[in-house]
Amino acid sequence: MLPLEVGTRVLCRWRDNKYHPVKVIERRKLPGSGANDYEYYVHYTEFNRRLDEWVKLEQLDLDSVETVVDEKVEDKVTSLKMTRHQKRKIDETHVEGHEELDAASLREHEEFTKVKNIATIELGRYEIETWYFSPFPPEYNDCVKLYFCEFCLNFMKRKEQLQRHMRKCDLKHPPGDEIYRCGTLSMFEVDGKKNKVYGQNLCYLAKLFLDHKTLYYDVDLFLFYVLCECDDRGCHMVGYFSKEKHSEESYNLACILTLPPYQRKGYGKFLIAFSYELSKKEGKVGTPERPLSDLGLLSYRGYWTRVLLDILKKHKGNISIKELSDMTAIKAEDILTTLQTLELIQYRKGQHVICADPKVLDRHLKAAGRGGLDVDVSKLIWTPYKEQS
Ligand code: ACO
Ligand code: ZN
């Protein structure tokens, strides 16, 4: 039976000391060992891919090995998960010049991105464990750890290189305009066309924590909104979101990330709220690019619930989805699915009617978590993007 084949399903002992089903994604020989001594890169089928890891043979329960794997079904699922937009992105980066991405290239993409390459990064005062594969240039393939300059986001293989760089680098905040400042929080708008290298570095960094997003080499088409905590040493990146300069699909956000050391502190909801404030200034409704990750969906659900239910609580009399959309810049479909999930919508005489019992609203609001950090709109100094001729 040994070594196990890639694709094998088996039970594996996890950090909770319990056995969970896994699929073997990759295997590698242990250096200086016998012919059958391998370690295995496994995906826990019940968990998100950020928990994929290399495990030793001792962790696997060989009595539970299943060998029959239906790869075809899996391939279909993967391709369905990709939006048209993402297919286009992959298309542009991997098979230039083709309109549609065929199943083979999709599989190739999945193959290419399956095993985490960089295990940790150093960024400012944090050492951060990564979650997913990111397509760094080939010369970084043999690195387990990368050292980032926290200001220009250049990355290096060795600590000494970073130290040398820090003596020369004169940036103390993201390149671009500071469009928001409130206390120690600042937001910078970075144009991917004017700051190409920064935009690309940011994408490499972000991909380490984003799964079903393909890195866009064409950063020209995006604006990056970088959130920082500022002190006397400079502005330290907390997270960011990217936004297409022109979106046909009314996307007001492409990718969102809070760096792991800053997560669960309300910054994610701040970034989401910020993206809707920009949409309000543009006089448009917006929606995040799909698919959303598990954490992305939780954050958006929480944000939508809180914003919509706060209005419903205060509002006297009937209110329509259109009115809610005009007030919040949240796209009507997102309002509908949010209220439907909360069972606050009834369909009467061909129309959706919102039924909002105050007690029910309070219960949902409690369940939606904390509000997150507030955006003080009076501190936002911004005009919508205009192409410069
Ligand atoms: N476990 C359970 N619930 C969670 C978790 C978690 N690990 N993380 C966030 N949530 C939920 C909670 O409901 C939380 O609210 P609460 O803390 O009041 O209960 C809510 O999401 C948002 O919390 P925030 O602190 O405001 O958000 P955070 O700063 O952690 O950022 C984000 C959320 C951006 C999704 C972050 O988890 C992240 O960067 N993840 C990796 C990248 C990613 O998945 N991005 C979204 C992809 S989709 C897209 O880009 C369009
Ligand atoms: Zn630098």
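Every number for a ligand or one of its atoms is a count from 1 in the order of the listing. By convention here, the first residue in the shown sequence is residue 1.
- For the residue pair Y147/E160, the side-chain donor-acceptor check at 3.5 Å is not satisfied.
- Below 30°, between 30° and 60°, or above 60°: for F151 and H236 the angle between ring planes is between 30° and 60°, a tilted geometry.
- Contacts between L210 and ligand 1, counted as non-hydrogen atom pairs separated by less than 4.0 Å, involve the side chain only.
- Contact annotation: for F241 versus ligand 1, there are no heavy atoms closer than 4.0 Å.
- The pair K193-D191 does not meet the salt-bridge criterion, since no charged nitrogen lies less than 4.0 angstrom from a carboxylate oxygen.
- For atom 50 (O) of ligand 1, the choice among L259, T287, L292, I256 with the nearest heavy atom turns out to be I256.
- Put simply, part of W131 is less than 4.0 Å from ligand 1, judged by heavy atoms.
- Taking a cut-off of under 4.0 Å to the non-hydrogen atoms of E289, the atoms of ligand 1 that pass are 51 (C).
- Residues N154 and H165 have side chains that never bring a donor and an acceptor to within less than 3.5 angstrom of each other.
- The SG atom of C149, the Zn ion (ligand 2) and the SG atom of C169 define an angle of 120° (nearest 10 degrees).
- A donor-acceptor pair shorter than 3.5 Å can be found between the side chains of Y44 and E53.
- Close approach to F209 involves these atoms of ligand 1, each under 4.0 Å from a residue heavy atom: 41 (C), 42 (C).
- Donor-acceptor pairing under 3.5 Å is recorded for the side chains of T184 and E229.
- Taking a cutoff of 4.0 Å between a charged side-chain nitrogen and a carboxylate oxygen, E129 and R50 do not qualify as a salt bridge.
- For ligand 1, the atoms closer than 4.0 angstrom to any heavy atom of G268 are 24 (P), 26 (O), 27 (O), 28 (P), 29 (O), 31 (O).
- In the candidate list R290, R50, K207, R264, R264 is nearest to atom 6 (C) of ligand 1, counting heavy atoms.
- Comparing S299, G239, P288 against atom 33 (C) of ligand 1, the shortest heavy-atom distance belongs to S299.
- Of all the heavy atoms of A254, the ones lying under 4.0 Å from any atom of ligand 1 belong exclusively to the backbone.
- Side-chain contact check for T287 and R290: at least one donor-acceptor pair (N or O, by modelled atom type) lies under 3.5 Å.
- Contacts with ligand 1 closer than 4.0 Å are made by heavy atoms of both the backbone and the side chain of Q263.
- Nearest to atom 25 (O) of ligand 1 by heavy-atom distance, out of P291, C255, G266, G296, is G266.
- Between the side chains of E178 and S186, at least one donor N or O lies within less than 3.5 Å of an accepting N or O.
- Comparing L257, L297, T258 by heavy-atom distance to atom 31 (O) of ligand 1, the nearest is T258.
- In summary, the atoms of ligand 1 found under 4.0 Å from a heavy atom of G369, numbered by their order in the structure, are 18 (O).
- Within ligand 1, counting atoms from 1 as listed, the ones closer than 4.0 Å to a heavy atom of K265 are 25 (O).
- The S293 neighbourhood of ligand 1 comprises atoms 43 (C), 44 (O), 45 (N), 46 (C), 47 (C), 48 (S), with distances under 4.0 Å to a heavy atom of that residue.
- More than 12 heavy atoms of other residues, nucleotides or ligands shown are found within 6.0 angstrom of CG on D357.
- Counting only heavy atoms from C-beta outward, the side chains of F188 and H173 approach each other to under 4.5 Å.
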